[in-house]
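First comes the structure, then the notes that go with it.
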Amino acid sequence: MNVHIVTLFPEFFDTPLRSGLMGRALDSGLLRVDMVNPRDFTYDNHRSVDDRPYGGGPGMVMLAAPMSEALRSIERPGKMLLLSPKGRPLDQELAKELSASQDLTLVCGRYEGMDARLERIFPLEPVSVGDYVLNGGETGALCLLEASARLIPGFMGHGASAEDESFSQGLLEHPHYTRPEEFEGLRVPDILLSGDHGRIEAWRREASLRETVLRRPDLLPGVSLTEGESRMVGGLLGPRLGRGLYIVLLHYPVVDKLGEVRTMSLTNLDLHDIGRVSRTYGLGGFFAATPLEDQRELAERLLSHWTVGPGAKANPDRAEALSRVSVVKDLDGAIRRIQERSGQRPWIVATSARPGGGLTVRQVRRMLKDQPVCLILGTGRGLAPQVIRQAHGTLAPIRGLEGYNHLSVRSAASILMDRILGDTD
Ligand SMILES: C[S@@+](CC[C@H](N)C(=O)[O-])C[C@H]1O[C@@H](n2cnc3c(N)ncnc32)[C@H](O)[C@@H]1O
């Protein structure tokens with residue numbers, strides 16, 4: 001692979017390119033790297049490569065002319081990648097794709113970046129190494145170069161080692177151990193000493209799944225799992241966050257369309273749909289709260305039809321979902337039941353379609369790590385102000401793309417559960 005690095009600081013790459021496997025790949029000719037410095041394409045006394053931005057503002061911008069001459073001087077540039085925080089995130093898939101390149105050009109920005117016209121003149125594809133800002137593209141170019149070069153056949157000597165590393169199967173890698181068998185009282189897992197390669201492989205796959213579930217659950221949707229593995233992942237994910245989350249659907253005090261505080265009627269649809277969502281995401285429970293005794297009795301009758309009556313035989317899936325639903329008088333009743341079940345006082349999080357709530361989904365996930373969370377949803381036009389005041393915080397509203405966000409409480413429950421517990425991170 002021939003890599004052309006366009007940089008104002010070629011010396012930046014001296015040591016990294018001479019060290020370890022990278023140095024060996026260069027010595028063996030598996031990899032060739034040449035530096036192209038835009039400063040070599042300047043014609044004024046100061047050899048200027050930057051100027052002030054049009055429109056004012058801090059910082060300097062890389063001049064178009066030296067950069068464009070530098071890029072045109074590369075005979076066979078191959079793909080032209082521009083290191084930029086705005087780019088496609090660098091990941092193992094991209095590294096793999098690039099490792100098959102004959103030629104590759106990496107363009108390193110400095111200052112505030114380059115004159116934007118260069119991106120219209122050259123087919124520059126922006127690539128980012130993370131959501132943070134570096135002083136220049138050189139550090140990113142090194143990451144990209146190293147991640148791709150080590151996937152060139154022959155780079156690592158032992159062909160298989162890149163195959164079972166983190167990300168290569170979409171998962172994080174299993175832990176490794178070496179001599180001695182015991183260190184500071186900690187023994188290497190027995191199975192690794194058993195010499196049984198089949199069991200060792202199975203242990204490694206399971207350990208790899210565990211690592212991924214615990215550290216990077218966002219990677220899981222891209223991984224193909226056997227049925228048994230899916231169950232194991234579900235089991236690991238569920239208790240971790242979902243079991244600590246409870247939904248309380250309040251029918252009082254809520255407001256109607258005129259803003260008056262009222263009691264709303266309980267609906268069969270809400271019980272079924274939110275019950276099914278609660279089961280799908282492995283919640284600790286779903287409480288329907290109404291102060292009206294006849295409505296509570298009606299709800300209990302409906303539920304028992306599906307959980308123990310004729311409905312349970314006809315539709316066991318529904319029975320499983322509705323067995324998570326409890327009927328209580330009010331929010332305090334639900335909180336008491338959550339405390340009894342979890343042994344902890346929950347965080348109380350209100351929801352509202354109106355702007356004002358500042359809690360983010362990420363904050364709720366963080367709360368769930370150390371305490372149960374009771375998420376309150378309101379019927380009618382939403383929770384009355386006194387409920388919102390009583391909560392520890394209010395979740396930011398679900399935002400539509402066109403200003404309209406009048407969702408049914410069932411839809412809101414589904415969207416929020418998927419945002420908090422789903423694997424669409
Ligand atoms: C100081 S940064 C400029 C940041 C730019 N003003 C912005 O806010 O997006 C200078 C150069 O560093 C490189 N760079 C900085 N952060 C990066 C990242 N996360 N990924 C890839 N390149 C990055 C880019 O080449 C960029 O042009």
Side-chain angles (χ1 to χ4, degrees), residues 1-17 19 22 31 33-42 46-74 77-99 101 103-151 166-167 215-216 218-219 362 425:
M1 178 157 76
N2 302 307
V3 182
H4 318 281
I5 301 184
V6 184
T7 171
L8 293 172
F9 298 94
E11 67 281 6
F12 187 95
F13 296 88
D14 288 351
T15 311
L17 293 187
S19 314
M22 206 65 154
L31 185 68
V33 179
D34 65 84
M35 300 289 159
V36 183
N37 189 342
R39 211 177 282 283
D40 295 338
F41 300 88
T42 53
H46 295 101
R47 304 185 70 205
S48 315
V49 287
D50 59 326
D51 207 335
R52 287 191 303 278
Y54 278 125
M60 300 295 271
V61 177
M62 289 178 86
L63 287 165
M67 182 56 90
S68 84
E69 270 204 53
L71 291 174
R72 288 199 171 109
S73 76
I74 305 169
K79 233 185 217 295
M80 289 180 149
L81 302 183
L82 168 66
L83 276 301
S84 160
K86 297 180 202 159
R88 167 180 171 184
L90 172 63
D91 58 14
Q92 192 72 2
E93 196 182 325
L94 178 56
K96 179 88 190 145
E97 203 178 299
L98 297 174
S99 69
S101 314
D103 287 277
L104 192 61
T105 295
L106 306 180
V107 183
C108 306
R110 279 272 158 176
Y111 318 118
E112 290 305 319
M114 303 186 323
D115 188 306
R117 286 168 293 191
L118 286 159
E119 284 189 66
R120 295 180 55 192
I121 300 169
F122 295 93
L124 292 169
E125 295 176 35
V127 175
S128 165
V129 292
D131 291 344
Y132 40 76
V133 177
L134 300 162
N135 286 337
E138 288 76 10
T139 352
L142 258 181
C143 285
L144 192 155
L145 175 56
E146 193 163 311
S148 316
R150 65 198 301 284
L151 297 177
S166 290
F167 308 113
R215 295 172 200 273
R216 293 288 307 277
D218 56 299
L219 295 174
R362 189 174 296 205
D425 218 10

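Position 1 is the first residue of the sequence, and the numbers go up from there. Every value quoted in this text rests on a predicted model; they were computed, and no experiment measured them. In listed order, ligands and their atoms are each counted from 1.
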[atom] [closest protein heavy-atom partner, distance rounded to 0.1 Å]:
{"atom": "atom 22 (N) of ligand 1", "answer": "Ser84 N, 3.3 Å"}
{"atom": "atom 4 (C) of ligand 1", "answer": "Val133 CG1, 3.8 Å"}
{"atom": "atom 10 (C) of ligand 1", "answer": "Tyr111 O, 3.2 Å"}
{"atom": "atom 25 (O) of ligand 1", "answer": "Leu83 O, 2.6 Å"}
{"atom": "atom 6 (N) of ligand 1", "answer": "Glu112 OE1, 3.0 Å"}
{"atom": "atom 7 (C) of ligand 1", "answer": "Pro85 CG, 4.2 Å"}

inquiry  = Below 4.0 angstrom, counting only protein heavy atoms, does anything approach atom 20 (N) of ligand 1?
reply    = yes
Where is the tightest heavy-atom contact between [X] and [Y], given as atom of each residue plus distance?
{"X": "Met67", "Y": "Val6", "result": "SD-CG1, 3.6 Å"}
{"X": "Pro10", "Y": "Asn37", "result": "CD-ND2, 3.8 Å"}
{"X": "Gly59", "Y": "Pro53", "result": "O-CD, 3.1 Å"}
{"X": "Glu119", "Y": "Pro126", "result": "OE1-CG, 4.3 Å"}

*Other residues, nucleotides, ligands: >12 heavy atoms within 6.0 Å of Glu93 CD*: no
- Query: Does atom CZ of Arg39 have more than 12 heavy-atom neighbours from other groups under 6.0 Å away?
  - Reply: yes
Is it the case that ligand 1 has an N or O less than 3.5 angstrom from some N or O of Lys86? no
Nearest heavy atom to atom 16 (N) of ligand 1, choosing from Asn135, Leu134, Thr139, belongs to Leu134
The option among Gly109, Pro126, Gly130, Cys143 carrying the non-hydrogen atom nearest to atom 26 (C) of ligand 1 is Gly109
A student checking ligand 1 against Gly137 at a 4.0 Å heavy-atom cut-off should list atoms 12 (O), 13 (C), 25 (O)
For Gly113, the atoms of ligand 1 under 4.0 Å from one of its heavy atoms are 27 (O)
Without placing hydrogens or testing angles, list every side-chain donor-acceptor pair under 3.5 Å for residues 132-141, not counting sequence neighbours.
{"residue": "Tyr132", "atom": "OH", "partner": "Val129", "partner atom": "O", "Å": "2.7"}
{"residue": "Glu138", "atom": "OE1", "partner": "Arg110", "partner atom": "NE", "Å": "3.1"}
{"residue": "Glu138", "atom": "OE1", "partner": "Arg110", "partner atom": "NH2", "Å": "3.0"}
{"residue": "Glu138", "atom": "OE2", "partner": "Thr7", "partner atom": "OG1", "Å": "2.6"}

Quick look: Ser128 vs ligand 1, heavy-atom contacts under 4.0 Å, and the answer is both
Can you tell whether the side chains of Lys79 and Glu125 come within less than 4.0 Å, N to carboxylate O? yes
Exercise. Is the closest side-chain heavy-atom distance between Leu8 and Cys108 below 4.5 Å?
Worked result: no
Checklist line | Close approach, Gly140 and ligand 1, non-hydrogen under 4.0 angstrom | finding: no
Practice item. Could you tell me whether ligand 1 has any atom less than 4.0 Å away from a heavy atom of Val127? Key: yes
Residue set satisfying side-chain contact (heavy atoms from CB on, under 4.5 Å) with Asp131, at least two apart, ordered chain then number -> none
